[in-house]
Amino acid sequence: MFAKNLRCIKCDTVFGLVPIALCSRCGNILDVEYNYAEVFRYLSERGLGDDGVTGIWKYQALLPSALDNPISLGESDTPLHRCLHLGTQYDMESLYVKDETRQPSGSFKDRPIAVATNKALEFGVDTVVTASSGNAGAAVGAYASKAGLRCVIFVPATVPSAKLIQMSMYGGNIIGVKGSYSDAYQLAGRAAALLGWYNITTTFVSPYPTEGNKTVAYELAQQLQWDVPDWILVPIGTGPLLVGIYKGFSELRRLGLVDGMPKMIGVQALGCSPIARAYDLGHDEVSEWASPPETIASGIADQLTSYTQDGTYTLRVIRKSGGLVIAVPDQEILDAAVSLATGEGIFAEPTAAASLAAAKALRQRGVINSSDKVVCLVTGNGLKDMAAYESILVHPQVVNPDVDMHRVKDIADGEGK
Ligand SMILES: *Cc1c(COP(=O)(O)O)cnc(C)c1O
Ligand SMILES: [Zn+2]
């Protein structure tokens, strides 16, 4: 293993690779550091991703697991689609979608949770706990099953029903909280502190899950033949996916595998957008979103209550990259989800389509140029939140088995009403 220690992003205190959550000195976020000289030597013999194993573990040189055979459900290796129809519609010559809808549990959360679950195995814990808006819980359920670990999942009681059913199928102990994601987050933290469970919530409360998100960058660079996108758009709640992708590209540059760096765009839903608000106000510090979230993008409806430092960290990374944060209204998210399905054949949950809604808006405002190379992360599968689309469902025409074919033709031509 080339990971060597944890370092606090604020006070620089260094810790070993232990089951610690936040910096015990100042309470801020811990980041995993590697011995890059050794990684470089190792990769110059084999090349990146040539470890002959499946899932994210083909990048084990840049991941913090000391296990010889980490467990995997075949996460990662998701397609990068060039979107010709949407590109024409949005006036973008090089629009790509990184399709995380087809991860083992249907969202990108399998990447961070694969890493975190293997750390749990390595640390010898018997119970993992997480807070979740639904997708992280499903991923934890799946990987805990594979690993033979017990899991406890705190979700807001309003979690979309399909996500709840998926989570319960994996056999996890699900606890609904009368409140928001932030309330679930605080309960997971208290349970970890008082009951000794290992907290693998995919915010920045643990240093390990974020590392799994770096693998998006490694895949993107390879899929684009080591070219770097101008912009990468990522739906963000607290932002570990965005931060992980940026860290992944920094590592690739450090290892001499790519030349440039992408500009990162964080995408929030207008009805819960604390990071976008801080960006708009020019603040360095993010403050919590006091009112209840009002959006169909439940996967990013994060008020950051009691952990605003996570938003502050993500905002700092976004500014450093030369990028920006944008909040998009639900109607534009719905429109983008429909365009993505009808134009490109990809069915995404609302949260996941937010990146495309943002790409469209930023192209219209001239922030993104038509010749820019743009990658949108489509983070979760549409099957996970079918209820969100019921309001726009087009009910099928119902016919008798002996229906006249002229009538069928009229229906297909859109004249059947
Ligand atoms: C969790 C989640 C996000 C937000 O990711 P963070 O890195 O936690 O901010 C985006 N999209 C989907 C579908 C998610 O489940
Ligand atoms: Zn510290």
Side-chain angles (χ1 to χ4, degrees), residues 6-15 20-31 98-101 103 105-113 130-140 155 159-160 162-163 166-167 181 184-185 200-207 209-214 216 233-247 264 266-269 272-276 286 295-302 304 307 309-311 313-315 317-318 325 333 337 348-356 358 376-385 388:
L6 307 172
R7 182 185 299 271
C8 175
I9 63 155
K10 187 158 188 208
C11 76
D12 264 344
T13 305
V14 172
F15 302 87
I20 185 177
L22 297 167
C23 174
S24 57
R25 189 142 156 243
C26 78
N28 219 297
I29 296 162
L30 298 172
D31 181 43
K98 181 72 170 154
D99 183 6
E100 296 288 302
T101 66
Q103 292 279 10
S105 81
S107 89
F108 84 88
K109 292 286 195 317
D110 292 333
R111 297 177 191 265
I113 292 302
T130 190
S132 174
S133 64
N135 288 335
V140 168
V155 293
V159 63
K163 292 186 184 181
Q166 186 190 8
M167 270 184 283
Y181 175 84
Y185 173 98
I200 58 173
T201 299
T202 59
T203 59
F204 294 107
V205 74
S206 165
T210 308
E211 295 300 293
N213 292 323
K214 298 189 306 186
V216 172
L233 292 97
V234 187
I236 56 170
T238 54
L241 176 58
L242 183 149
V243 169
I245 294 172
Y246 193 71
K247 182 176 178 184
M264 306 301 296
V267 183
Q268 300 215 282
C272 186
S273 43
I275 304 176
V286 174
T295 174
I296 50 168
S298 56
I300 46 173
D302 195 330
L304 306 176
Y307 48 100
Q309 65 184 21
D310 282 22
Y313 181 39
T314 298
L315 181 58
V317 169
I318 290 170
V325 192
I333 292 175
E349 66 174 289
T351 303
S355 55
L356 280 140
C376 288
L377 267 285
V378 171
T379 44
N381 198 302
L383 297 171
K384 281 171 160 283
D385 191 5

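Keep in mind that the numbers below use all heavy atoms, side chains included, and drop hydrogens, waters and symmetry copies. Counting convention: from 1, in listed order, for ligands and their atoms alike.
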Student: Evaluate the criterion side-chain contact (heavy atoms from CB on, under 4.5 Å) for residue pair L233 and C376; output intermediate values, then yes/no.
Tutor: CA-CA 5 Å; L233 292 97; C376 288; 4.0 Å; yes
Student: Pairs of nitrogen or oxygen atoms closer than 3.5 Å, one from T238 and one from ligand 1: do any exist?
Tutor: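 Yes.
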Student: Could you tell me which atoms of ligand 1, counted from 1 in the order shown, lie closer than 4.0 angstrom to a heavy atom of I300?
Tutor: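 The atoms of ligand 1 under 4.0 Å from a heavy atom of I300 are 3 (C), 4 (C), 10 (C).
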Student: Any chance you could measure R25, atom CZ, to K10, atom NZ, to the nearest 0.5 Å?
Tutor: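 The NZ atom of K10 is 11.5 Å from CZ of R25, to the nearest 0.5 Å.
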Student: Quick one: pull up CD1 in I275 and CD1 in I236 and give me the separation to the nearest 0.5 Å.
Tutor: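 Rounded to the nearest 0.5 Å, the CD1-CD1 separation comes to 4.0 Å.
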Student: Testing I29, D31, N213, T314 for side-chain contact (heavy atoms from CB on, under 4.5 Å) with V243, which one passes?
Tutor: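 The side-chain contact (heavy atoms from CB on, under 4.5 Å) with V243 is passed solely by T314 among I29, D31, N213, T314.
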Student: What is the closest protein heavy atom to atom 14 (C) of ligand 1, and at what distance does it sit?
Tutor: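 The protein heavy atom lying closest is K109 NZ, 2.9 Å.
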Student: Should G380 be counted as touching ligand 1, given the test is an N or O pair under 3.5 Å?
Tutor: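 No, no N or O pair falls under 3.5 Å.
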Student: Establish, from distance only, whether the side-chain atoms of S105 and D110 form a donor-acceptor pair under 3.5 Å.
Tutor: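 On atom types as modelled, these side chains qualify, holding a pair under 3.5 Å.
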Student: What part of P240 sits under 4.0 Å from ligand 1 if we count only heavy atoms: the side chain, the backbone, both or neither?
Tutor: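 Both backbone and side chain.
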Student: Check this for me - ligand 1, S107, N or O atoms closer than 3.5 angstrom, yes or no?
Tutor: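 It does not: no N or O of S107 is found under 3.5 Å from an N or O of ligand 1.
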Student: With side chains defined as the heavy atoms from C-beta onward, is the minimum distance between S298 and K163 less than 4.5 Å?
Tutor: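 Yes, at least one pair of side-chain atoms sits under 4.5 Å.
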Student: Does a side-chain N-to-carboxylate-O contact under 4.0 Å join K247 and E211?
Tutor: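 A salt bridge is present here (some side-chain N lies under 4.0 Å from a carboxylate O).
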Student: Taking side-chain contact (heavy atoms from CB on, under 4.5 Å) as the criterion, tell me which of N28, V286, L304 meets it with Q309.
Tutor: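 Among N28, V286, L304, the one meeting side-chain contact (heavy atoms from CB on, under 4.5 Å) with Q309 is N28.
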Student: What protein N, O or S atoms come within a distance below 2.8 Å of the Zn ion (ligand 2), ordered by chain and number?
Tutor: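 Under 2.8 Å from the Zn ion (ligand 2) - ignoring waters, which are not counted - the protein N, O or S atoms are C8 SG, C11 SG, C23 SG, C26 SG.
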Student: Sub-3.5 Å donor-acceptor pair from the side chain of T203 to the main-chain atoms of V205, do we have one?
Tutor: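 At least one qualifying donor-acceptor pair exists.
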Student: Is A352 in polar range of ligand 1, meaning some N or O pair under 3.5 Å apart?
Tutor: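 For ligand 1, there is no N or O atom that lies under 3.5 Å from one belonging to A352.
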Student: Which of the numbered atoms in ligand 1 are below 4.0 angstrom from a heavy atom of L241?
Tutor: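 Checking each atom against L241, I get 7 (O).
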Student: Counting distance only, does the side-chain N/O of S107 pair as donor-acceptor with the main-chain N or O of Q103 below 3.5 Å?
Tutor: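 No; zero donor-acceptor contacts below 3.5 Å.
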Student: Quick check: F108 and ligand 1, any N/O pair under 3.5 Å apart?
Tutor: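 It does not: no N or O of F108 is found under 3.5 Å from an N or O of ligand 1.
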Student: Can you pull out the closest protein heavy atom to atom 12 (C) of ligand 1? Residue, atom name and distance to 0.1 Å, please.
Tutor: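 Ranked first by proximity to atom 12 (C) of ligand 1 is T379 OG1, 3.3 Å.
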Student: Enumerate the atoms of ligand 1 whose separation from the nearest heavy atom of T351 is less than 4.0 angstrom.
Tutor: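 It comes down to these atoms of ligand 1: 10 (C), 11 (N), 12 (C), 13 (C).
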Student: Check ligand 1 against G299 and write out every atom of the ligand that is under 4.0 Å from a heavy-atom position of the residue.
Tutor: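 The atoms of ligand 1 under 4.0 Å from a heavy atom of G299 are 1 (C), 2 (C), 3 (C).
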Student: Relative to the heavy atoms of E349, which atoms of ligand 1 are at a distance of less than 4.0 Å?
Tutor: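 Near E349, meaning under 4.0 Å from one of its heavy atoms, ligand 1 has 13 (C).
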Student: Report the relative orientation of the aromatic rings in Y307 and Y185; use parallel for angles under 30°, tilted for 30 to 60°, perpendicular for over 60°.
Tutor: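 Taking Y185 first and then Y307, their aromatic rings lie parallel (interplane angle under 30°).
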Student: Using atom types as modelled and distance alone, determine if a side-chain donor or acceptor of T201 lies under 3.5 Å from a backbone N or O of A131.
Tutor: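 Present.
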Student: Report, in ascending order of atom number, the atoms of ligand 1 lying under 4.0 Å from any heavy atom of I236.
Tutor: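 Result: 9 (O).
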Student: After noting the C-alpha distance and the side-chain angles of F108 and T202, does the key distance pass the side-chain contact (heavy atoms from CB on, under 4.5 Å) rule?
Tutor: CA-CA 11 Å; F108 84 88; T202 59; over 6 Å; no
